[in-house]
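Have a look at the structure below, then the notes.
No experiment lies behind these values; they were computed from the predicted model shown.
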Amino acid sequence: MDDKILEEKLIQGKKNGLFMLLITLLLYILAIVGLIIGIINFEAETDTPLTTALFVICLIFICLGWIIFCGLKVLKPQEALVLTLFGKYIGTLKGDGFYFVNPFCAGVNPASHTKLSQSDDVKGLSSANGALVIADAASNIRLEAPSNKLSLKIMTLNNSRQKINDCLGNPIEIGIAVTWRIVDTAKAVFNVDNYKEFLSLQCDSALRNIVRIYPYDVAPNVDTTGDGLADEGSLRGSSEIVAGKIRDEIQTRVEDAGIEIVEARITYLAYAPEIAAVMLQRQQASAIIDARKMIVDGAVGMVEMALERLNESHTVELDEERKAAMVSNLLVVLCGNHDAQPVVNSGSLY
């Protein structure tokens, strides 16, 4: 294939569709009038070679003049039409307007019938690429006339959730939403077989490559930056960084397809069902340990403060044995899970 096909060429100065439409309609009217005059002359036997030639020309135009209408193209804002003439790429129409091009030009869009889970490919009464859609809600039937127009809008691709092993081997489920748009129509149409399917597959592949670098949660002795030093990177705690790497990875893969990746975001992140319960117990145990540490630290501080206040005020003199008993009782009360049941000692301290 010629490399020049990969370079987008814009067709300029073709917004004369309305003029050509009026001219064609006028010619049709004149052809019908000439045909009627020719028929009258034939019946009156007053025809001449000139009127006969005019009759034949009008008849041919009425039969073949409809071909001119094939060159009329209407584009809405943020739409494009890639045109080929007998298999050769001749250029791309961009921008809203009423165009007239060579009637034998054909629009090309190999992904016109491909439907993905994205913003412009949901069921409805309209389509982003200009296709005519007829929907019947009662019978759940949806008929769509094919359209070869390409949408240049920013679209969102929501790929299905994937089960991937993180860097520690734990299976996780993750889903991403990728916003993208076409920036080079020639590359999108001619460089890949189907740019929508190509984008979807590259998103899946890039997601797997990036997720395998990170653990689900912060783990010791894990290097996620590639500098040889352990860091605190994780899928759950470094979602912005992970999303940026996923976007860059996808962009590198779809550059030849004329697609720009605007943004990539993680929409779903969780442990796989087979280990979710175990990991939940692990997180609960870690949370309980952290809470106990905090309780113990606070209780020790309160006991130290109580002993210091008693010594400063000389309220009561305690020997080491009584101090140890007091510390033990206070720690039991402060660290216990239930409210303390007080016991009143009415006798002597000793």
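Qualifying ring pair (Phe, Tyr, Trp, His ring centres under 6.0 Å) partners for F198, counting only residues two or more places apart in sequence or in other chains: none. Qualifying salt bridge (charged side-chain N to carboxylate O under 4.0 Å, His left out) partners for K15, counting only residues two or more places apart in sequence or in other chains: none. When the salt bridge (charged side-chain N to carboxylate O under 4.0 Å, His left out) test is applied to E260, the partners found at least two apart in sequence or on another chain are R181. The salt bridge (charged side-chain N to carboxylate O under 4.0 Å, His left out) check on R236 picks up D217, with sequence neighbours excluded. With sequence neighbours left out, the side chain to side chain contact (heavy atoms under 4.5 Å, CB included) criterion links E255 to Q251. Every residue two or more places apart in sequence or in another chain was checked for a ring pair (Phe, Tyr, Trp, His ring centres under 6.0 Å) with F100, and none qualifies. By the side chain to side chain contact (heavy atoms under 4.5 Å, CB included) test, L54 is found to be paired with C58, residues two or more places apart in sequence or in another chain being considered. Residues satisfying the side chain to side chain contact (heavy atoms under 4.5 Å, CB included) test with V296, not counting sequence neighbours, are V300, C335.
Under the 3.5 Å distance criterion, with hydrogens and angles disregarded, a donor-acceptor pair is assigned to the side chains of N159 and D204.
Under the ring pair (Phe, Tyr, Trp, His ring centres under 6.0 Å) criterion, no residue pair touches residues 222-259, with sequence neighbours excluded. Screening residues 241-250 for side-chain hydrogen bond (donor to acceptor under 3.5 Å, both in side chains) gives Y214-K245, E249-R253 as the qualifying pairs, with residues at least two apart or on separate chains. For residues 220-266, the set of pairs meeting the ring pair (Phe, Tyr, Trp, His ring centres under 6.0 Å) definition, not counting sequence neighbours, is empty.
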Quick one: side chains of residues 20-37, donor-acceptor pairs under 3.5 Å with protein atoms, not counting sequence neighbours, listed by atom name and distance.
from : atom 1 : to  : atom 2 : distance (Å)
T24  : OG1    : M20 : O      : 2.7
Y28  : OH     : I62 : O      : 3.3
Y28  : OH     : W66 : N      : 3.0

